[in-house]
Amino acid sequence: MTTIMKLSIAITLFLLGGAIKAQELNGSYKGHLDVQGMQLDLIVNITPTDNGFSATLDVPAQGASDIPLDSVVLQDNKVTITSAKMQLTYTGTVSGETIEGTYEQMGQKYPLTLKKTVKTKPGNTALPSSDEELAKLAAKAKGKFKFTVEDYFKTPDVFSFKLSPDGKYLSYMKRRDTGERDVYLKETATQKEKLLIKQGEDLIRGYFWANDNRILYLQDKGGDENYHLFGIDIDGSNKNELTPYDGVKVDVLEMLKDDDDHIIVQMNKENLQQEEPYMLNINDGEVTKLYTVEAGSPPVAGYSFDQKGNLRGIGRMVDGVNIEMLYKIDGEFKPMMVVEFGDSFGIDEFNPRSENPDEAYVVSNLGTDKAEIQLYDLKKNEKIKTLFKSDKFDVSGLSLSRKRNYEIDFYYYQGEKTEVVPVSDTYKKIYARLKKEFGDQQFFTQGKTDDESKYLVVLTSDKIVGEYYLYDVEKDTVTLLYKLLPNLMAEDMATMKPITFKSRDGLTLHGYITLPQGYKKGQKLPLIVNPHGGPQGVRDGWGFNPEGQLFASRGYATLQVNFRISGGYGKGFLKAGFGQIGRKAMDDVEDGIDYVIKQGWVDKNKIAIYGGSHGGYAVLRGMTKTPDLYACGVDYVGVSNLHTFMETIPPYWEKYKALLYKIWYNPTIPEEKAIMDEVSPALHVDKIKKPLFVVQGANDPRVNIDEADQIVESLRKRGVEVPYMVKYDEGHGFAKEENRLDFYKAMMGFLAEHLK
């Protein structure tokens with residue numbers, strides 16, 4: 001499920017004026033705003049101050065709370081609220097505990113009445129289990145274990161390594177003792193370390209080098225996923241917010257290696273329902289719009305730029321499902337093809353090596369089942385040749401050498417494990433040198449300097465969290481930089497084994513089984529089934545899985561099934577899952593359980609199901625579809641009611657509504673609405689027999705807390721045991737270390753109670 005966008009509004013600070021007294025504007029005021037067919041509740045929270053008022057904004061349906069507000073003028077009971085950033089004006093008349101007015105933004109006017117209300121925390125605050133109850137639950141995981149929950153899930157002391165473009169610095173995030181994560185720089189020549197960015201209340205979600213002297217980073221507010229972009233010079237100066245637009249999410253599209261001062265981003269700054277591209281000055285935040293999606297034209301789903309930052313291709317939604325590709329010819333975007341949903345055609349890179357400016361590398365499955373890498377003439381709209389393909393798996397992409405005139409270095413894809421296929425003579429030598437160093441272990445060149453004299457290499461496996469090395473090409477040296485969670489020794493970790501089996505209707509399915517270290521043939525273990533999120537186009541892969549390792553350390557096996565609609569196995573496998581979520585896709589999970597039971601690995605009477613997002617939905621669906629199969633379940637931010645899920649999609653999802661209906665179900669078609677009734681767990685809670693642990697972030701922008709509340713309340717009325725953990729500073733999944741640790745400790749107690 002994709003990110004739900006918060007409301008793009010910035011109502012400002014209320015100032016004292018006219019005959020209005022401070023106490024008359026004290027508290028919370030709620031109103032309903034209709035924007036382009038979407039009704040959204042707003043709550044303005046006003047607190048009197050010595051100089052007037054301070055105020056914040058909540059959008060409960062979108063999980064947004066405490067958005068800082070700006071300034072307002074009150075005169076003769078008339079309120080005028082303005083925001084230059086958001087190009088909005090609200091004018092209203094105050095009468096007692098009501099403000100009647102008109103909201104205007106970018107030329108559009110909407111009536112908006114604000115009425116006094118009482119602000120509460122999201123959801124039903126009477127439902128969550130107390131801290132004491134959850135602590136008692138966690139205490140049920142008794143035993144002498146070599147590793148604690150903290151060993152697996154604490155933030156590594158250092159992580160997120162990146163080389164500066166000139167190779168003078170290694171950057172990384174470093175954990176404080178209290179769990180916060182700050183950004184540090186270390187000089188590669190002197191090993192001198194310094195703090196660059198100190199985390200505040202909100203997490204630094206990611207960062208990257210914009211040039212030799214400046215780093216950009218992303219933050220949101222309380223997990224609401226409206227990411228803002230910030231910048232800072234490596235000497236600590238010029239630290240500023242580059243996209244200060246409340247309720248607007250920024251995504252980076254292109255880094256522009258030949259332009260040190262600009263990048264290309266997309267934002268839904270001027271239209272809640274549509275992301276549009278902007279050239280962004282990374283020093284002062286000045287933006288220049290590069291393309292406008294005109295009102296009434298098909299919504300755009302993607303943009304393609306060349307290495308110089310020229311917009312060359314556009315993919316726009318037609319019929320709500322298919323993608324029409326437009327390509328710029330002679331200064332005009334002209335229709336090129338319509339790609340049916342499930343098929344794929346994407347421009348990976350333009351080919352600067354060619355004298356033909358319209359030649360590009362594309363990843364496409366048009367005319368094939370598996371996605372392959374092709375050389376393509378976009379102007380002629382024809383394939384020149386296939387460069388690389390796999391018979392079993394979709395190919396992911398390729399890497400080019402900017403130094404060597406964009407020569408292809410390697411192709412890569414995810415099979416049973418991640419595969420890298422060297423192409424250029426230079427990279428073949430580099431790969432051979434690293435293979436000599438690391439043998440059959442899985443390694444990748446994750447970054448490199450602009451002159452390609454140094455490579456950042458990561459080594460990982462099902463038993464190794466991650467080890468980072470610096471390969472100096474000229475010196476031909478491989479130097480260990482850091483090991484993530486070094487106390488988790490490979491010899492103590494469990495093995496993740498790829499498995500292949502048949503579904504009940506004859507489809508070939510893939511997945512993974514993780515058995516505890518030291519497992520002996522004939523042992524029948526308790527099993528934790530872990531369906532992945534998404535669900536479309538996502539898949540589980542081979543590598544270090546801290547959840548699987550934690551479960552294995554406590555004596556559990558873990559099963560992960562890449563059910564139909566998972567990505568990477570070809571379009572036929574993907575499309576086989578359309579309209580089958582909760583039905584045949586769920587059958588596939590059950591067939592995986594049947595397979596591992598027949599292998600003699602697990603105890604059929606001790607099976608738990610656990611998952612997050614769509615995986616959380618699969619937990620609830622599994623416990624209503626086959627209630628006798630599972631001994632218990634753990635629902636982590638999962639959808640419970642497909643009807644309310646469809647009804648509360650955010651404005652920027654509107655263009656994907658028909659697509660959503662195709663993947664899931666269309667509530668406007670009676671037959672499919674009946675299926676939604678059938679597969680919505682909230683409508684079948686009477687079938688749940690076994691204990692369920694529900695976990696939810698209060699500010700979740702994708703799965704509203706009401707989804708979790710209705711399951712908990714319904715089951716408790718029937719006497720089913722339902723511990724319920726809610727974190728009020730989290731969104732769709734727990735990002736803060738202390739919350740993650742609380743969750744896993746409570747889950748291990750819950751599983752120990754019902755599987756041991």
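Index from 1, following the sequence.
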Between [X] (side chain) and [Y] (backbone), is there a donor-acceptor pair under 3.5 Å?
X      : Y      : answer
Arg312 : Tyr327 : no
Glu452 : Ser401 : no
Thr386 : Phe388 : no

Exercise. Could you tell me how the ring of Phe443 sits relative to the ring of Phe438: parallel (under 30°), tilted (30 to 60°) or perpendicular (over 60°)?
Key: tilted
Quiz item: What orientation do Phe743 and Phe734 show, parallel under 30°, tilted 30 to 60°, or perpendicular over 60°?
Solution: perpendicular
Salt-bridged, [X] to [Y], with N to O below 4.0 Å?
X      : Y      : result
Glu150 : Lys745 : yes
Asp182 : Lys198 : no
Asp409 : Arg404 : yes

Exercise. Go through the steps to decide whether Glu286 and Asn281 satisfy the test side-chain hydrogen bond (donor to acceptor under 3.5 Å, both in side chains), and finish with yes or no.
Key: CA-CA 5 Å; Glu286 180 183 359; Asn281 187 304; 4.9 Å; no
Practice problem: Assess whether side-chain hydrogen bond (donor to acceptor under 3.5 Å, both in side chains) is satisfied between Asn487 and Asp151, documenting all intermediate values. | Solution: CA-CA 8 Å; Asn487 58 313; Asp151 288 329; 3.1 Å; yes
Could you pull out the closest heavy-atom pair between [X] and [Y], with the gap in Å?
X      : Y      : result
Ser344 : Val339 : N-CG1, 4.0 Å
Gly541 : Gln414 : CA-NE2, 3.3 Å
Arg539 : Gly415 : NH2-O, 2.9 Å

